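Below is one structure; the comments refer to it alone.
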Amino acid sequence: MKIITVTEINEAANCLKNGGLVAFPTETVYGLGANALNPIAVAKIFEAKQRPTFDPLIVHISDLDQLNDLFERPIEPLVFELARHFMPGPLTIVHRKSGIVPDLVTSGMENVAVRMPSHPIANKLIKLAGVPIAAPSANKFGQLSPTSYKHVAKQKMKIDYLLAGDDIDSLVGIESTVVLVENNLCTILRPGIITLEDIKKAMPDAKVEIAEHNHKINSPGLLDSHYSPLKPLYFLDKGTETFPPNSGIILHSKNDKTFPAQKIIYTSETGDLIEIAASLFTSLHQMEDDITVNQIYIEKVKEKGIGISIMDRLKKACFQYQ
Ligand code: TXA
Ligand code: MG
């Protein structure tokens with residue numbers, strides 16, 4: 001088993017200081033990082049991912065104090081309230097940016113997205129680099145998000161350093177919840193493991209809502225098609241009895257009826273939504289990598305709580321094949 005050493009984290013941090021690109025683990029998915037304050041380094045991210053520059057990046061920090069540098073003052077109290085409850089962790093706050101944030105990071109928008117990962121290796125790396133780190137998920141634009149270094153390696157992007165370890169796979173498995181704070185209102189732009197209900201429970205006096213679909217102008221990364229495997233992916237119609245040859249089926253509970261298929265993967269034994277989220281991208285990568293599978297069918301989940309976040313990813317992953 002490969003374990004990431006302190007020497008490797010140091011090498012990766014030096015690489016970031018020198019304007020290089022580093023792929024690193026976080027508790028959600030692998031990130032592809034560069035010094036957020038160096039526009040030339042940030043430009044390499046867009047190039048490596050073949051990502052359109054209208055899609056802004058999340059800036060990763062290792063200390064809550066950095067919120068004061070990245071957001072324009074005065075910062076709304078809701079920002080600090082969210083930070084107190086959910087940072088470090090799988091939550092990203094979008095708020096008006098300060099002058100130190102390059103326009104390339106925010107795609108020219110007035111707001112910047114900031115997140116503090118709880119993953120110890122991510123935290124150490126950002127601390128050692130000594131600067132905030134801009135990082136999208138470490139996959140080519142539109143493709144599946146990586147939950148292991150092997151998923152990063154197979155994308156064959158131009159990266160200067162890959163922090164590879166077998167013991168540090170992403171535990172959450174889907175990307176962070178993105179929350180816009182504006183005019184004393186929290187708007188969830190991208191659902192994640194931290195749900196609307198979680199935020200309301202932690203902050204009963206705060207106004208919190210989920211963005212309307214047309215809100216995507218505020219978050220240009222929220223395209224209809226995203227996170228797609230390189231093979232056709234369809235929702236499983238539970239009435240179907242026969243499938244084309246070489247079909248792979250992803251189910252979320254062993255209590256469900258089984259289907260005749262070449263390959264079946266279960267994301268959870270019992271339909272537990274946290275487990276399903278944690279294995280969602282991993283199961284899709286397994287199907288993508290299996291040369292005996294030509295097309296993939298995946299079961300839906302109920303759109304409630306974390307189920308909303310799981311279905312958000314799946315609808316986008318299936319979109320181009322509908
Ligand atoms: O969990 C995560 O968030 C992972 C890890 C690596 O931290 N990162 C990630 O980054 O998922 P990415 O680039 O794949 O997704 C960033 C999302 C996009 O939907 C983008 O539109 C939104 O955050 N976003 C970034 N900056 C924004 C801004 N200034 N205003 C609104 N939305 C923004
Ligand atoms: Mg992404």
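What you are looking at is a predicted structure, and each value in this text was computed from that prediction instead of being measured. Order of listing sets the numbers, starting from 1, for every ligand and every atom in it.
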What atoms in ligand 1 come closer than 4.0 Å to a heavy atom of N111?
29 (N)
If we ignore angles and hydrogens, is there a donor and acceptor under 3.5 Å between the side chains of H252 and T267?
yes
Check each heavy atom of M116 against ligand 1 and say whether those closer than 4.0 Å belong to the side chain, the backbone, both or neither.
neither
Please list, in number order, the atoms of ligand 1 under 4.0 Å from a heavy atom of S137.
8 (N), 9 (C), 10 (O), 12 (P), 14 (O)
Verify the distance criterion only: is there a donor paired with an acceptor across the side chains of E72 and S98 at less than 3.5 Å?
no
Honestly, for D55 the part within reach of ligand 1 (heavy atoms, under 4.0 Å) is side chain
If the threshold is 4.0 Å, N to carboxylate O, is there a salt bridge linking D166 and K150?
yes
Answer yes if the ring centres of F281 and Y227 are under 6.0 angstrom apart, and no otherwise.
yes
Numbered in order shown, the ligand 1 atoms found under 4.0 Å of a heavy atom of P136 are 6 (C), 10 (O), 12 (P), 13 (O)
Is a donor from one side chain sitting under 3.5 angstrom from an acceptor on the other, for E175 and S145?
yes
N or O contact, T28 vs ligand 1, cut-off under 3.5 Å
yes
Test: D103 and K97 ion pair at under 4.0 Å
yes
At less than 4.0 angstrom from any non-hydrogen atom of M109, what atoms of ligand 1 do you find?
28 (C), 29 (N), 30 (N)
Does E27 come within less than 4.0 Å of R115, counting only side-chain N to carboxylate O?
yes
Would you mind listing which atoms of ligand 1 come within a distance below 4.0 Å of any non-hydrogen atom of R51?
12 (P), 13 (O), 14 (O)
For S176, is at least one N or O under 3.5 Å away from an N or O on ligand 1?
yes
Any N/O/S atom from S145 (main chain or side chain) under 2.8 Å of the Mg ion (ligand 2)?
no
Of A138, G192, P56, the one whose closest heavy atom lies nearest atom 26 (N) of ligand 1 is P56
Run the salt-bridge test on E303 and K315 with the 4.0 Å N-O cut-off and return the result as yes or no.
yes
Quick one: do E288 and K154 make a salt bridge, cutoff under 4.0 Å?
yes
Salt bridge or not between K2 and E8? Use side-chain N to carboxylate O under 4.0 Å.
yes
If we only count N/O pairs under 3.5 Å, is E175 in contact with ligand 1?
no
Please state whether T106 comes within less than 4.0 angstrom of ligand 1, counting heavy atoms only.
no
Going by distance only, is there an N or O of R115 that falls short of 3.5 Å from an N or O of ligand 1?
yes
Return a yes/no value for R190: is any of its N or O atoms, backbone included, closer than 3.5 angstrom to an N or O of ligand 1?
yes
Distance alone, cut at 3.5 Å: any donor-acceptor contact between the side chains of Q295 and Y234?
no
Distance filter under 4.0 Å to H60 heavy atoms, resulting ligand 1 atoms:
5 (C), 6 (C), 7 (O)
Does K97 approach ligand 1 within less than 4.0 angstrom via side chain, backbone, both or neither, non-hydrogen atoms only?
neither
